[in-house]
Amino acid sequence: MASTTKSISLKEYGLKNCSIHYQLPPSELHRITVEKGMGVTSSTGALAVNTGEFTGRSPQDRFIVRDSITEDKVWWGNVNIPFESDKFDALYNKVITYLDTKEIFVRDCFACADDDYRMNIRVINEYPWSNMFAYNMFIRPTKDELVGFEAEWTVINAPGFMANSEVDGTRQHNFAILNFTRKIALIGGTGYTGEIKKGIFSALNFILPVYKDCLPMHCSANVGDDGDTAIFFGLSGTGKTTLSADPERKLIGDDEHGWTKENTVFNFEGGCYAKAINLCQENEPEIFGAIKKGALLENVILDANGVVDYEDVSITQNTRVSYPIYNIDNIQVPSIGKNPKNIFFLTADAFGVLPPISKLTPSQAAYHFISGYTAKVAGTEAGVVEPVPNFSACFGAPFMPLHPTKYAEMLSAKMKEAGVNVWLVNTGWTGGPYGVGTRMKLKYTRAMIRAVLNGDLGLYSYDKYHIHSVFGVAQPRECPGVPSSVLSPRATWNNDEAYYKTAFKLTNAFRENFKKFEAYANEEIRRGGPQRYSF
């Protein structure tokens, strides 16, 4: 399909003079990007770009317009920062004026694979490669579905526009603002593409539970041959994308899903957005193989032949790749699963004290879901010289407009209704904390996940499980494919005193974090936390 200015009218947005490229295929967007000197082609055919100043989200610059829709429903604070309606309108007009002098790229698409929850989205981009990201990450309409298409929500993305914080009401020159009355996600001053998809995810995290009795989840999901769906919650770097891309199971999606009142799980997206740091074909063959024509690499280093060095972090540790889900061979079509049977909470525990896998009671599941624990390791941020606990409610606090207990209550109800088993999986360190121990081998984590899905870990019994003396979780004594010594974190340390001191340090961090939820949590949830105190 050739590049064309014959497309659609954008006068309703105030765009009257810009040159519009509508619904271009990824090959054309790739070509334009390279011709403009904004990207290069890798040795596998993928497009590689640099997102500029920002190589990740900027949570402190994410705002929600406070209005009659959001005033009494949003959990306002450091995560959901209020923005004034009149300030939004003025900033919106500035962005439109900026874009109206430019060549822009427009895409109509969907979010939500389940037709009953589908949202029509229009994405207006300043850069061609940002529009390619939208093609990859949202659901692609057919030609017939584009006839009479009317957008419910609009993403307006202007990376080159810099706000004046003193005048515009932003914190600095970049911003990502949701307006639920105008149904607009306004993004400027940042080229990081993740802001585009997370804007719509945040909107759905408000709309689905408030209006449609559907639980939105920051998780990946896959389905087995018997139709059993597995759900993987986890923060960035814990293994959501890696573990859900299983050659023995069909991928539903890698990041954002809804759990309906009909007990089905559907993907919000039409693609995957995987971390590319230290990617290798041996450990992650499905993701590695998906980085081909149509994929978009971000902030990676290439040699003169276009070969990517996935270990190079000179730009950022948050190197990324987006690709349409059909770049993965083994996928569920449509992206909907039924009969959820197992939920995995993934945590990269850099303290090395959590068991590599443990079974949670309903109380513990609710507690750990609200806590959303993982850890930062030394070197990932300025000033971080030892492991630091990182708690993100519901494993996705930056995208959750409602109070975390709302999502936790919905999850608890659905777990009980469906009879789901919940497992805590430590993909982090074993044999000691970061700097002493080693990262849990991926083959062991895969073996533990497989044992759960195959039913090899069986039902809880005293002879098969041990109750952890600090965290109170049930850790299996044996697991096919995993040395028994690995299953006991204390045993891997060979230093009981150091292990327990570190374990208690982490439990105290859990308790301190949970204080802000205690007033909202019932007694059952409070009982789900660590019960022993340090001495």
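In the model, R320 has a side-chain atom that pairs as donor or acceptor with a side-chain atom of N318 under 3.5 Å. A donor-acceptor contact under 3.5 angstrom links the side chains of N299 and T51, judged on distance only. Side-chain contact check for E262 and T260: at least one donor-acceptor pair (N or O, by modelled atom type) lies under 3.5 Å.
Annotation: F133 is in aromatic contact with Y273 [ring centroid separation under 6.0 Å]. Checked against the 6.0 Å centroid threshold, F391 and F510 count as a close aromatic pair. Remark: aromatic rings of F63 and F175 are distant, center separation not under 6.0 Å.
One finds no salt bridge joining E409 and K406 here, because no Lys/Arg side-chain nitrogen approaches an Asp/Glu carboxylate oxygen to under 4.0 Å.
A donor-acceptor distance shorter than 3.5 angstrom exists from the side chain of N80 to the backbone of P401, with no hydrogens or angles considered. Of the possible polar contacts, one joining the N205 side chain to the F399 backbone as a donor-acceptor pair under 3.5 Å is found.
Seen from the ring of F110, R118 counts as a face-on cation partner, given the 6.0 Å and 45° thresholds.
Screening F180, W75, F201, W153 for a ring pair (Phe, Tyr, Trp, His ring centres under 6.0 Å) involving F206 leaves a single residue, F180.
More than 12 heavy-atom neighbours from other residues, nucleotides or ligands sit within 6.0 angstrom of CD on E152.
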